[in-house]
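Just below is one structure, and these are the notes that go with it.
Everything quoted here is computed from the prediction, not taken from an experiment. Chain identifiers are assigned alphabetically (A, B, ...) following the order of the sequence lines, protein sequences preceding nucleic acid strands; residue numbering begins at 1 within each chain.
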Number of protein chains: 2
Amino acid sequence: MRRKRPYACGVDVAIDVIDGKWKVLILWALTTGSKRFGELKRLVPGVSEKVLTQQLRELEADELVSRRTFAEVVPRVEYTLTALGESLNEALEPLGEWGSRNQARIETLRSPLSPERVNAVDSGTPGA
Amino acid sequence: MRRKRPYACGVDVAIDVIDGKWKVLILWALTTGSKRFGELKRLVPGVSEKVLTQQLRELEADELVSRRTFAEVVPRVEYTLTALGESLNEALEPLGEWGSRNQARIETLRSPLSPERVNAVDSGTPGA
DNA sequence: CTGTATCCTACACGATACTG
DNA sequence: CAGTATCGTGTAGGATACAG
């Protein structure tokens with residue numbers, strides 16, 4: 001997505017800002033403190049360098065993440081959550097809880113077989 | 001996206017479920033009660049019938065929305081938020097507040113001109 | 001009114017190679 | 001180590017036409 005219509009509501013803004021296949025994971029990884037590029041690459045398995053760079057740049061442009069470079073013989077860069085980024089992560093928590101509570105249900109619903117035997121409702125109880 | 005890797009965290013699940021250009025708006029529109037297809041089309045300006053149908057089907061498959069058809073001479077269908085859908089909307093609220101609070105800031109940052117943060121934290125200062 | 005069926009395009013993302 | 005450059009791809013979404 002990124003930059004669609006004039007935002008229709010606040011959620012739109014937030015979604016737009018975290019839109020990108022890996023951004024939430026990146027934000028998540030940074031909650032435990034600053035990380036180097038290579039660390040993020042490890043913490044976000046599957047992402048290519050190009051895309052990781054790209055999404056970090058966007059997060060930086062939106063001031064959710066700050067970037068510090070160290071002019072050392074061995075290039076080093078550290079990414080850190082800004083206050084804004086931290087506040088976003090906090091706003092994301094309820095959504096995370098919702099997802100955790102309903103993950104099993106969603107996965108069952110989407111699994112190719114037997115979507116009908118779903119009974120657990122929002123109780124966090126995985127398939128019986 | 002829809003169905004990427006095994007979910008890395010709860011937020012991933014939730015994001016996946018609301019992923020789609022119009023889903024949040026649809027969910028939003030339904031908070032005020034059941035809506036007919038045509039109403040939704042009006043309430044979500046810009047969406048095509050194909051895509052609206054598509055996203056409604058996905059929301060339905062994820063049990064966030066329920067669909068009632070009325071076999072009348074004039075076809076009529078109503079979409080309603082399920083309990084799960086309502087709980088998702090609640091989990092979305094903090095994100096919406098975050099977005100509302102920071103919308104102006106984000107828009108300024110992204111506007112082609114005059115980002116007020118001409119000088120901000122740039123290169124790191126090694127051990128002061 | 002409420003959809004389907006096609007066709008088409010844009011763009012995010014992936015893979016790989018190369019550089020300071 | 002931390003990127004950039006390039007090329008290729010999948011697929012969500014848009015436009016339009018048709019149908020029950």
Contact list (N/O, under 3.5 angstrom) for nucleotides 2-5 of chain C vs protein:
unit_1, atom_1, unit_2, atom_2, d
C:dT2, OP1, B:Arg36, NE, 3.1
C:dT2, OP1, B:Arg36, NH2, 3.1
C:dT2, OP2, B:Gly38, N, 2.8
C:dG3, OP1, B:Arg57, NH2, 3.4
C:dG3, OP1, B:Arg67, NE, 3.4
C:dG3, OP1, B:Arg67, NH2, 2.3
C:dG3, OP2, B:Tyr79, OH, 2.6
C:dG3, N7, B:Glu49, OE1, 3.1
C:dG3, O6, B:Glu49, OE1, 3.2
C:dT4, OP1, B:Arg57, NH2, 3.0

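One can place CD of A:Gln54 at 12 Å from P of D:dA5, the figure rounded to the nearest angstrom. One interatomic measurement links the two molecules: NZ of B:Lys23 to C1' of D:dG13, which rounds to 12 Å at whole-angstrom precision. Counting to the nearest Å, the P atom of D:dG3 and the CG atom of A:Leu52 are 8 Å from each other. Taking atom NZ of B:Lys21 as the reference point, atom C1' of D:dA15 lies 13 Å away to the nearest angstrom. Rounded to a whole Å, the CG atom of B:Leu25 is 12 Å from the P atom of D:dG13. Rounded to whole Å, atom C1' of C:dA12 lies 12 Å from atom CH2 of A:Trp22.
Screening A:Arg67, A:Glu60, A:Arg36 for a side-chain hydrogen bond (donor to acceptor under 3.5 Å, both in side chains) with A:Tyr79, the sole residue that qualifies is A:Arg67. Applying the side chain to side chain contact (heavy atoms under 4.5 Å, CB included) test between A:Trp98 and each of B:Asn89, B:Leu92, B:Leu88 identifies B:Leu88 as the sole match.
Judged purely by distance below 3.5 Å, without hydrogens or angles, the side chains of A:Gln103 and A:Glu107 pair a donor atom with an acceptor atom.
For B:Gln55, a side-chain nitrogen or oxygen approaches OP1 or OP2 of D:dG13 to under 4.0 Å.
Minimum interatomic distance between A:Ala29 and A:Leu40 (heavy atoms only, all atoms of both residues): CB-CD2, 4.0 Å.
At a threshold of 4.0 Å, the pair A:Asp16-B:Arg110 counts as salt-bridged, since one of the basic side-chain nitrogens sits closer than that to a carboxylate oxygen. A salt bridge links A:Glu78 with A:Arg76: the distance from a Lys NZ or Arg NE/NH1/NH2 to an Asp or Glu carboxylate oxygen falls below 4.0 Å.
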